[in-house]
Every structure is written in C-alpha cells, then in structure tokens.
Amino acid sequence: MALFEQVSNDIKEAMKARDKVRLETLRNIKKVFIEAKTAPGANDTLEDAAALKILAKLAKQGKESAATYVQQNRQDLADDELAQVAVIEEYLPKQLSEAEIEAVVKTIIADTGAQGMKDMGKVMGIASKQLAGKADGRVISGIVKTLLA
C-alpha cells in the first residue's frame, strides 16, 4: 500500500479512536501530500520516495520548531510539536545508528578510492543516495569529514 493510502486509512482510524494529535498530524501530512501531487509536473501521482522525503522534511521542521519553543521557555508548545514528530516518524524508515552509517561510509570510501577532503563531494553524493531517509545529512557529513581527515 502506498504511503498516501496508508495515511488516508490511518486518518479514519484516528477519527474512530478520537486521537486528536494523531488526527491533526495525519491531516497535515495528507494536505502536504496532496499539494505535492497537484504541483506542476507531478502528473497527479506521488511516489513513495517523494513521500518519504516530505515526511523527513516535516519531521525535521517539527524538531527545529520544538527546539525553538524550548529556547523560548514554551515547553507546552515543544511537547505538542514533538508529539506530532513522533507520529510522522512512524512512517519513516528506521534511522541507522552512527556505527552503521560509519560502516557504509567506510565502504563507499574504499570503493571510490577517496584520499582526503578533496574527495568529500564524491563520497557525500554516493552516501546521501544510499542513506536517503535512513540518516540525517548532517550526521553523514560529520562522519565523512572525520573519516577523510
């Protein structure tokens, strides 16, 4: 089942369960999915890969908003934001640990023959594609810098 249909079905379940946070979050996800489907050039389709990118972006925005709320001493708003992020993350693939990311990056470095920081772009390009949706870009970048330094 495609992510779009999964979210639509889960909206019905959240309505039956009277789960306000989940319902609000899922409706927001569906709204963003529909906007992506109807964007020029989308041909009224939304591939799961594109949907995962959207979900990752929404989760990242939610975490950033929560951090901002914490800085402004608004823990109540931060908690709401993090509750929504938790719902979004249910649809994302499991994030890899730093050790798992490091193992993948070491393999990429060995395969490409990367020697130093001058090859970072090449390694990052391959790593970003292989680890898309499974790891944060900043974490990947940090590990690549450490290994190439």
For [X], which residues count as a side-chain contact (heavy atoms from CB on, under 4.5 Å) partner, sequence neighbours excluded?
X: S128; value: M124
X: K37; value: F4, D44, L46
X: K122; value: T112, D119
X: Q95; value: none

Self-check item: Listed partners of K30 passing side-chain hydrogen bond (donor to acceptor under 3.5 Å, both in side chains), at least two apart
Solution: S8

Quiz item: With D10, which residues qualify under side-chain hydrogen bond (donor to acceptor under 3.5 Å, both in side chains), at least two apart?
Solution: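 In terms of side-chain hydrogen bond (donor to acceptor under 3.5 Å, both in side chains), with neighbours along the sequence ignored, D10 is linked to Q6, Y91.
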
Starting at [atom1] of [X], measure out to [atom2] of [Y] and round the result to the nearest 0.5 Å.
X: L55; Y: I29; atom1: CG; atom2: CD1; result: 5.5 Å
X: K57; Y: K60; atom1: NZ; atom2: NZ; result: 9.5 Å
X: I109; Y: L148; atom1: CD1; atom2: CG; result: 4.0 Å
X: L92; Y: L58; atom1: CG; atom2: CG; result: 9.0 Å
X: I88; Y: L82; atom1: CD1; atom2: CG; result: 10.5 Å

List the atom pairs, with distances to 0.1 Å, where a side-chain N or O of residues 96-108 and a protein N or O form a donor-acceptor pair under 3.5 Å, not counting sequence neighbours.
residue, atom, partner, partner atom, Å
S97, OG, E100, N, 3.2
S97, OG, E100, OE1, 3.3
E100, OE1, S97, N, 2.7
E102, OE2, K106, NZ, 3.4
T107, OG1, A103, O, 3.0

Quiz item: Got a sec, which pairs hit salt bridge (Lys or Arg N to Asp or Glu O under 4.0 Å) with one end in residues 17-27, sequence neighbours left out?
Solution: R22-E90

Self-check item: Pairwise salt bridge (Lys or Arg N to Asp or Glu O under 4.0 Å) hits with a residue in residues 137-149, at least two apart
Solution: E64-R138

For [X] and [Y], which heavy atoms make the closest approach, and how far apart are they?
X: E81; Y: G62; answer: CG-O, 3.1 Å
X: A66; Y: A78; answer: O-CB, 3.6 Å
X: I54; Y: A36; answer: CD1-CB, 3.6 Å

Quiz item: Tell me, do L3 and L52 make a side-chain contact under 4.5 Å, heavy atoms counted?
Solution: yes

Quiz item: Does the distance from a Lys or Arg side-chain N to an Asp or Glu carboxylate O, for K94 and E89, drop under 4.0 Å?
Solution: no

Practice problem: Show your working on side chain to side chain contact (heavy atoms under 4.5 Å, CB included) between V21 and D80 and close with a plain yes or no. | Solution: CA-CA 8 Å; V21 172; D80 292 345; over 6 Å; no

Self-check item: Over 12 non-hydrogen atoms of neighbours within 6.0 angstrom of CE in M117
Solution: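 Counting neighbours around CE of M117, more than 12 heavy atoms of other residues, nucleotides or ligands fall under 6.0 Å, so yes.
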
Quiz item: Has K16 got more than 12 heavy atoms of other residues, nucleotides or ligands less than 6.0 Å from its NZ?
Solution: no

Quiz item: Is it true that a side-chain atom of Q130 and a backbone atom of A127 form a donor plus acceptor pair closer than 3.5 Å?
Solution: no

Quiz item: With no hydrogens and no angle check, is any side-chain donor or acceptor of T146 less than 3.5 Å from a backbone partner on G142?
Solution: yes

Quiz item: Under 4.5 Å between side-chain heavy atoms, hopping through other hydrophobics if needed: is there a path connecting I34 to V32?
Solution: yes

Exercise. Output every pair passing side-chain hydrogen bond (donor to acceptor under 3.5 Å, both in side chains) with a member in residues 66-77, not counting sequence neighbours, ordered by first then second residue.
Key: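 Qualifying pairs, neighbours excluded: R74-D76, Q75-D79.
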
Quiz item: Who are the salt bridge (charged side-chain N to carboxylate O under 4.0 Å, His left out) partners of E35, not counting sequence neighbours?
Solution: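 Partners of E35 under the salt bridge (charged side-chain N to carboxylate O under 4.0 Å, His left out) test: K31.
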
